[in-house]
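Read through the structure below, which is laid out as C-alpha cells, and then see the notes.
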Amino acid sequence: MERRKFILEEKDMPTSWYNILPDLPEPLPPVLHPGTGQPITPGDLAPLFPMELIMQEFHPERYIEIPEELQEIYRIWRPTPLFRAYRLEKALDTPAKIFYKFEDVSPAGSHKPNTAIAQAYYNKKEGVKRLTTETGAGQWGSALSMACMFFDIELKVYMVKVSFFQKPYRRIMMETWGATCVPSPSPDTKAGRDMLAQDPDSPGSLGLAISEAVEDAVGRDDTHYSLGSVLNHVLLHQTIIGMEAKKQFEMADCYPDIVVGCVGGGSNFGGLAIPFAQDKINGSHKNTRIIAVEPESCPTLTKGLYAYDFGDVAQMTPLLKMFTLGHTFMPPPVHAGGLRYHGMAPLVTHLVKLGLVDAVAVPQMATFEAGITFARSEGYISAPETNHAIRVGIDEAIKCRESGESKTILIGHSGHGHFDMTAYDNYLAGKLQDYAYPADKVKEALQHLPKV
Ligand SMILES: Cc1ncc(COP(=O)(O)O)c(C=O)c1O
C-alpha cells in the first residue's frame, strides 16, 4: 500500500522553535530607529510589543522553548499532516515525488495561528488588554481574532479595503471570535484619513493598514500592536512547520530536493524553509533548492531594491534592511491579498542575499490554473496565496517529466481557499486577468526611500 499521509503523534510535536540567528554565516543588518537612524534598542519597541517577543527578535540561542500553555493550544490542530500528492503526480505524469505540508487544518484555515497564539500569549502575560493589527486577505486577522479569544484580549483589525469587500466571510469569522474589523483606509486614524483625502477609492494596501494599526496602538496605553509577518519573532514561531516536516520526511524515509513556499511578508515561507536552510548551512543537506514564490505584479524579491525602508506607508515602523518596492507602492488588486506587500522579512531577504534561497515571480492566471489542477487531482481547494507555491511545485515536477529525474518536491500548503470562491468563480468564468508589473509606479515609490 502506498502511504499518503505522514502524521506525527501529538507527543512528537516539536517543543521548541528553531532560531536561525546564531547559525547565520553572516549576521543580519541591524534594524534602525526611524528618527535617529541608529540601531534600535529593545526599549524602542516596548510601546508596541511585549518584552518577551522583543527579546526573541535578537535571541542568541538556537532553540527557544514553546511554553506549555501554547503547546496545549497548538495541539488542537498540530502536528499538521504531510501528504504525498500521488494523484497530482499522476495528473502531471511526472516521476517527481510531490509532498505538501498542510497548514489548512488550523481553525482559522492557515499557518497564521502558529504565531497569533504566541503573540496573544506573550501580550497577555504582560497584562495587555487590547491589540490592533492589519490584515490583507483576512487570514491573519482571523487567526489573531481566534488567538485573542483564547486569551481574552480585545482586538481591532484594519483590513485592506479591496479584500474587505472581496472576502466578507473573513470579516464575519473575525466577528464570530469577538474582534472588530474595519476596512482600511478607515476614517479612524490620521493615516487612513490622509489616504482617503488623497484617493477616496484607494483599494488600500498592507503597508497602509499597518500604519493605521500602529497609530492606533501607539495612541493608547492599554494597547499593543501585533504583526502577522516580516519580523524575526513571527518567522521563529512559524518554524514549527518546517521542524515537523523534517520529522515527517524521516517517516517517509526521504528528504526534499526542492522546498517551495509563497512569500508575502515571508512568514509561511520562513517557517517552512528555515529549518531546511539550517541543514544547508550545517552541510547535512547542502544541495536542497529552496524557492520563494511571489506575484509578478508585486515582485519584491525579484525586482525590489535591497535597501532600508519602512514597513508601512505612514513611516511609523522601524527601518528594516530588506528587498522593497518602496513603502508608498500600492500593489495591483490581485486576489492573493496576503502577497500584496511592498517589503520582505529581513530574514528571508538575507537568505536570498546569501544564496541559500532562490526567488521566482509568477502571474496571477498561472497560479489559478495550478490551483485548479491541484483541486482536480488532490481535491483540496487552496488559498490564492498558496497557489503561487503550487504553481512552482508543478513547474518543477514538469521539468522532472522532461528530464526523467525523480526529485522530491515539498510544497508549503499555507491555507485553504474556502473564502476565496469569488476569485475561483472569476477564473472559471474567464473574468480573471493578469496584472503587468507596474514598473513606473515602483520607480516612483523607490524615490521615497528613507535616506540612511
Ligand atoms: C494562506 C496564506 N499563505 C501565505 C500568506 C503570505 O503571508 P506570509 O508571507 O507572511 O506567510 C498569507 C497571508 O495572508 C496567507 O493567507
Side-chain angles (χ1 to χ4, degrees), residues 80 100-106 108-116 119 133-145 157 159-160 162-164 166-167 169-170 173-174 205-207 209-210 226-242 260-274 291-295 298 300-301 311 322-323 331 334-349 351-352 357 359 362 367 371 374 380-392 411-420 423:
T80 63
Y100 52 104
K101 177 70 170 155
F102 200 68
E103 291 298 300
D104 307 27
V105 291
S106 79
S110 77
H111 64 295
K112 294 285 183 184
N114 297 330
T115 183
Q119 295 192 41
T133 197
E134 74 295 328
T135 195
Q139 292 270 20
W140 166 243
S142 50
L144 192 64
S145 302
V157 182
M159 182 167 183
V160 176
V162 57
S163 299
F164 186 90
Q166 274 170 352
K167 296 167 197 202
Y169 291 111
R170 280 279 163 201
M173 249 174 131
M174 294 181 229
S205 71
L206 274 172
I210 292 174
S226 177
L227 185 62
S229 194
V230 183
L231 298 179
N232 297 349
H233 69 263
V234 183
L235 275 63
L236 171 80
H237 303 148
Q238 294 293 358
T239 56
I240 191 163
I241 303 172
V260 196
C262 63
V263 275
S267 76
N268 129 78
F269 175 78
L272 178 77
I274 282 173
I291 310 173
V293 191
E294 60 186 8
C298 187
T300 316
L301 287 172
M322 60 184 175
F323 284 108
V334 287
H335 280 278
L339 308 186
R340 293 181 66 242
Y341 185 59
H342 69 275
M344 183 55 59
L347 258 176
V348 173
T349 296
L351 294 176
V352 171
V357 165
V362 290
T367 64
F374 194 84
Y380 292 110
I381 298 177
S382 316
E385 292 84 358
T386 309
N387 285 341
H388 288 67
I390 295 174
R391 172 74 268 161
V392 171
I411 297 172
H413 205 282
S414 51
H416 68 62
H418 297 179
F419 299 111
D420 302 286

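Given the structure is predicted, the values throughout are model-derived calculations rather than measurements. Both ligands and their constituent atoms are indexed starting at 1 by order of listing.
Within the listing of ligand 1, atoms 6 (C) sit less than 4.0 angstrom from a heavy atom of L339. Per-residue contacts place C262 under 4.0 angstrom from the following atoms of ligand 1 (heavy atoms of the residue considered): 3 (N), 4 (C). Atom numbering of ligand 1 starts at 1 in the shown order; those under 4.0 Å from a heavy atom of A383 are 1 (C). In summary, the atoms of ligand 1 found under 4.0 Å from a heavy atom of G266, numbered by their order in the structure, are 8 (P), 9 (O), 10 (O).
The residue from G228, S414, A336 that puts a heavy atom closest to atom 1 (C) of ligand 1 is S414.
Neither the backbone nor the side chain of V230 has any atom closer than 4.0 Å to an atom of ligand 1 (non-hydrogen atoms only). Heavy atoms of S267 found under 4.0 angstrom from ligand 1 belong to the backbone as well as the side chain.
Backbone and side-chain nitrogen or oxygen atoms of G265 are examined, and one is located within less than 3.5 angstrom of a nitrogen or oxygen of ligand 1. For a threshold of 3.5 Å applied to N or O pairs, the pair formed by G264 and ligand 1 contains at least one separation below that value. Of the N or O atoms in S229, one or more lie within a sub-3.5 Å distance of an N or O in ligand 1. Polar contact check, V263 against ligand 1: no nitrogen or oxygen pair lies under 3.5 Å apart.
Residue contacts with ligand 1 do not include G136, since none of its heavy atoms lies under 4.0 Å from the ligand. Residue K112 places a heavy atom under 4.0 Å from ligand 1. Contact between A137 and ligand 1 is absent, with no heavy atom of the residue lying under 4.0 Å from the ligand. Heavy atoms of Q238 stay at 4.0 angstrom or farther from ligand 1.
Atom OG in S142 sits 4.0 Å away from atom CZ in R170 (nearest 0.5 Å). The structure places CG of L351 at 9.0 Å from CG of L235, a figure rounded to the nearest 0.5 Å.
Only one option out of L227, V157, I210 pairs with T133 in a side-chain contact (heavy atoms from CB on, under 4.5 Å); it is V157. For the side-chain contact (heavy atoms from CB on, under 4.5 Å) with V263, the lone residue among L301, N268, V293, V357 that qualifies is L301. For the side chain to side chain donor-acceptor pair (under 3.5 Å) with D420, the lone residue among H335, K167, Q166 that qualifies is K167.
If you check the side chains of Q238 and T115, you find no donor sitting under 3.5 Å from an acceptor. For the 3.5 Å distance criterion, the side chains of E103 and S110 fail to qualify, holding no donor opposite an acceptor. The closest side-chain donor-acceptor pair between S382 and H413 falls under 3.5 angstrom.
Between S414 and K101 the shortest side-chain heavy-atom distance does not fall below 4.5 Å.
Ring orientation note: the planes of H416 and F419 are tilted relative to one another, at an angle of 30° to 60°.
In this structure, atom 11 (O) of ligand 1 lies nearest to the protein heavy atom N268 N, 2.7 Å. For atom 14 (O) of ligand 1, the closest heavy atom belonging to the protein is G338 CA, 3.4 Å. Here the heavy atom of the protein found nearest to atom 16 (O) of ligand 1 is Q139 CG, 2.8 Å.
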Test side-chain contact (heavy atoms from CB on, under 4.5 Å) on E294 and H388; report intermediate values, then the result.
CA-CA 7 Å; E294 60 186 8; H388 288 67; over 6 Å; no
